Amino acid sequence: MNNRIHVRQDLTEEQRFQYLISGIRDYAIYMLDTEGHVSSWNTGARRFKGYEAPEILGQHFSRFYTPEDQASGLPAHALATALNEGKYEAEGWRVRQDGTRFWASVIIDPIYDEHGALLGYAKITRDITEKKKAADALRASEERFRLLVQGVSDYAIYMLSPEGVVSNWNMGAQRIKGYSEQEIVGQHFSRFYTDGDRESGLPARALGTAAREGRYEAEGWRQRKDGTCFWAHVIIDAIHDEAGELIGFAKITRDLTEKKAAADALAEANAALFQAQKMESIGQLTGGIAHDFNNLLSVLASGLEVLTLRGGAVGDVKTLDSMRRAIDRGAALTQQLLAFARQQPLQPETHSVNRLVSGFESVLRRAVNASIDFEVHLEPEIRATVIDSARFESALLNLVVNARDAMPDGGRICIETANVELKERDVNGLAAGSYVKVTVADTGTGMSPETAQRAFEPFYTTKEVGKGTGLGLSQVYGFIKQSGGEVKIRTAPGEGTAIAIYLPAAPGQDAPAQQDTTEMVLIVDDEPDLMDVASALYISMGYEVLTASSAQEALALLASRRIDILFTDVIMPNGMNGVELAAYTREHYPDVKIILASGYPLPALKVEHNNLNEFAFVNKPYRLSDLARALRSAA
């Protein structure tokens, strides 16, 4: 009884195993003999491959392979691999009975008996066509996305590791930042930041913000490979895996330099427009007040004249004189206000600013003190401009005095002229065209942006009470604007100030004017009255005149200016005398004609020089004919 029960149980287990294998539909499970012929067939095999068991049993399994795989010997290779390595596993195309193909996952295991003899092979095949289609679709989508990202040239799009190391690089990143993919992948993204941002820890803060909040967005300066900077809009997004772990960052950068420049230009234009409107309004108000105040002063002045004619006590006369001086000061003040309001009467004529600067240079030099180096650099072929010469000289003096006051401990003042070609919006308030630029620059204390913005307003001053009216720069501004020009300030605290005057070139001055052929005379004399007399005589002969009160001052002019004639006194205190100056000039500037002057006759001069007679000489007092004769003999 027990034996029958045991046998029945064995049969049941075998039947169960057979039923299990034959009933599986999702896998083709079948046996191959040692040569690769099919020796069993289940329901899954019939469903995948389309063969009924009688049709396929005894057939070689290679018929399931594509013709290409059959030709390459893949079936035999599969069996050999399973036999040698204990298993063969692969994916590939297989062929159904009807000739259609499906993508299969294949496993082949060798089967041995209890003595180790090869009985054949167990083969399991699964149809994963749909899975392959999905994987192919995903790869195609990823490839399209990769190509899309790579093809974007207006944005730098790339990935960062959690530590900030660049892991890929698109064409936009290469175009904007200048690095090729081979140069930058594996490098830390902080190299794109400026030195100041790196030192302040900005790259680390950006990644920290993105990791903490999921996103970081900002604008700022970034550096290209060549060291140039560009204004960037940056977005950093944190990337997490399915488990929520941070696996890196996606970074998108756009170059907004041109957009920022346009926005800055618009802001500057709006600020300039506001400033111009403000100055125009102040000018109209100032002009109206000045005119009314002038009328009141006229009444007072006329009344004082009447009272003076009637006579009075001595005390009354003193009072009237004080009142008259007050009226004169008031009249001068109204003229200053009218200058700012651009309502002063002008006498514009065509001038070379070089000649105006040169002719006024001696006055400008006397306006500064010995602790200040005074330099003049004039462009040789300067354009002519139409301007009131007296007002221009007054404007220059105002600028030089302001520069002097900004350097209580000494420094340098430089006046420079230049021809400039302006494009639209190069200088707000001026149309494109040809201009003459006159710059007065100093190395003084400079101005804050707030001070510079108000510098041209009347009565605005940073000087101590009683040391300035605040009308100097406002007069310059009003005069230049009335002359069709513009005034610009470039300054910063501790970096000095440069005030540039732009004046329209005279009609027909699109090209630089020919160099002035008038000869320049440098007169050196420590006596101001004698210097003025000599200047008047040379000017009457048609010469341009520069003056210096010492040999040192003359040397500075010789180094910076075109000098044709040196007319110097022989006896001068404090250092180099006139003969030494003449000898130095002959050695370093051989084209300069030299004339010596002295109150002593030539033989009586006790100065050391071997060839004193080689210079033209005039005795003081000299007349115009003496100078003319000396000019003819000067070498």
Side-chain angles (χ1 to χ4, degrees), residues 2-141:
N2 290 336
N3 289 337
R4 286 200 298 272
I5 293 174
H6 178 73
V7 170
R8 184 177 294 277
Q9 286 177 342
D10 289 342
L11 290 173
T12 300
E13 290 297 328
E14 184 178 348
Q15 287 173 348
R16 286 176 179 174
F17 183 73
Q18 291 175 350
Y19 290 153
L20 173 64
I21 297 299
S22 63
I24 292 176
R25 294 175 50 83
D26 292 336
Y27 291 83
I29 303 175
Y30 53 97
M31 298 288 292
L32 305 177
D33 64 17
T34 56
E35 302 299 325
H37 298 94
V38 178
S39 58
S40 70
W41 199 245
N42 79 330
T43 303
R46 185 175 69 247
R47 189 171 71 86
F48 290 167
K49 307 195 183 238
Y51 294 94
E52 295 294 335
E55 295 176 306
I56 199 62
L57 290 175
Q59 301 296 318
H60 199 273
F61 87 111
S62 60
R63 68 166 49 198
F64 306 139
Y65 285 74
T66 64
E68 308 92 80
D69 288 344
Q70 291 177 12
S72 67
L74 182 57
H77 171 74
L79 294 184
T81 301
L83 184 61
N84 294 330
E85 300 179 7
K87 183 176 184 179
Y88 173 81
E89 186 172 0
E91 291 184 4
W93 290 109
R94 297 297 183 266
V95 182
R96 297 186 179 94
Q97 184 187 35
D98 62 6
T100 60
R101 298 186 180 192
F102 67 99
W103 188 262
S105 172
V106 176
I107 298 176
I108 302 176
D109 289 301
I111 305 299
Y112 300 94
D113 64 12
E114 65 273 14
H115 304 295
L118 180 66
L119 298 176
Y121 301 90
K123 191 168 187 297
I124 302 174
T125 302
R126 187 181 183 191
D127 183 355
I128 57 171
T129 306
E130 294 303 320
K131 181 180 178 181
K132 175 176 172 54
K133 287 181 180 178
D136 289 347
L138 178 60
R139 280 195 296 272
S141 176

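Numbers here simply count residues along the sequence, with the first being 1. FYI, side chains are in, hydrogens and waters are out, and symmetry mates aren't considered; it's all heavy atoms of this structure. Bear in mind that the values here come from a model prediction, so they are computed numbers and not experimental data.
With Gln97 as the partner, the side-chain contact (heavy atoms from CB on, under 4.5 Å) test is satisfied by one option alone out of Arg63, Glu55, Lys49: Glu55. None of Trp41, Phe102, Phe48, Trp93 except one satisfies the ring-ring contact (aromatic ring centres under 6.0 Å, His included) rule with Phe64; the exception is Trp41.
Taking both residues in full, the closest heavy atoms of Phe61 and Pro75 are given as CZ-O, 3.5 Å, listed atom of the first, atom of the second, then distance. Contact detail for Ala28 and Asn42: the closest heavy-atom pair is CA-OD1, 3.6 Å.
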Problem set entry | Step-by-step side-chain contact (heavy atoms from CB on, under 4.5 Å) determination, Arg94 to Thr66 | CA-CA 6 Å; Arg94 297 297 183 266; Thr66 64; over 6 Å; no
Exercise. Taking it one step at a time, do Leu32 and Val38 satisfy side-chain contact (heavy atoms from CB on, under 4.5 Å)?
Worked result: CA-CA 5 Å; Leu32 305 177; Val38 178; 3.9 Å; yes
Exercise. Yes or no on side-chain contact (heavy atoms from CB on, under 4.5 Å) for Trp103 and Glu91, after CA distance, side-chain angles and deciding distance?
Worked result: CA-CA 7 Å; Trp103 188 262; Glu91 291 184 4; 3.0 Å; yes
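Contact of the Val106 side chain with the Ile124 side chain is not registered, since no non-hydrogen atoms from C-beta on lie closer than 4.5 Å.
Looking at Asp127 and Arg96, a side-chain N of the basic residue comes within less than 4.0 Å of a carboxylate O on the acidic one, giving a salt bridge. Ion pairing between a basic and an acidic side chain is recognised when a charged N comes within 4.0 Å of a carboxylate O; Lys87 and Glu89 show such pairing. Here Glu52 does not pair with Arg47 in a salt bridge; the nearest charged N to carboxylate O distance is not below 4.0 Å.
A donor-acceptor contact shorter than 3.5 Å links the side chain of Asn84 to the backbone of Ala80.
Take Lys123 and apply the side-chain hydrogen bond (donor to acceptor under 3.5 Å, both in side chains) test, not counting sequence neighbours, and it matches Tyr30, Thr125.
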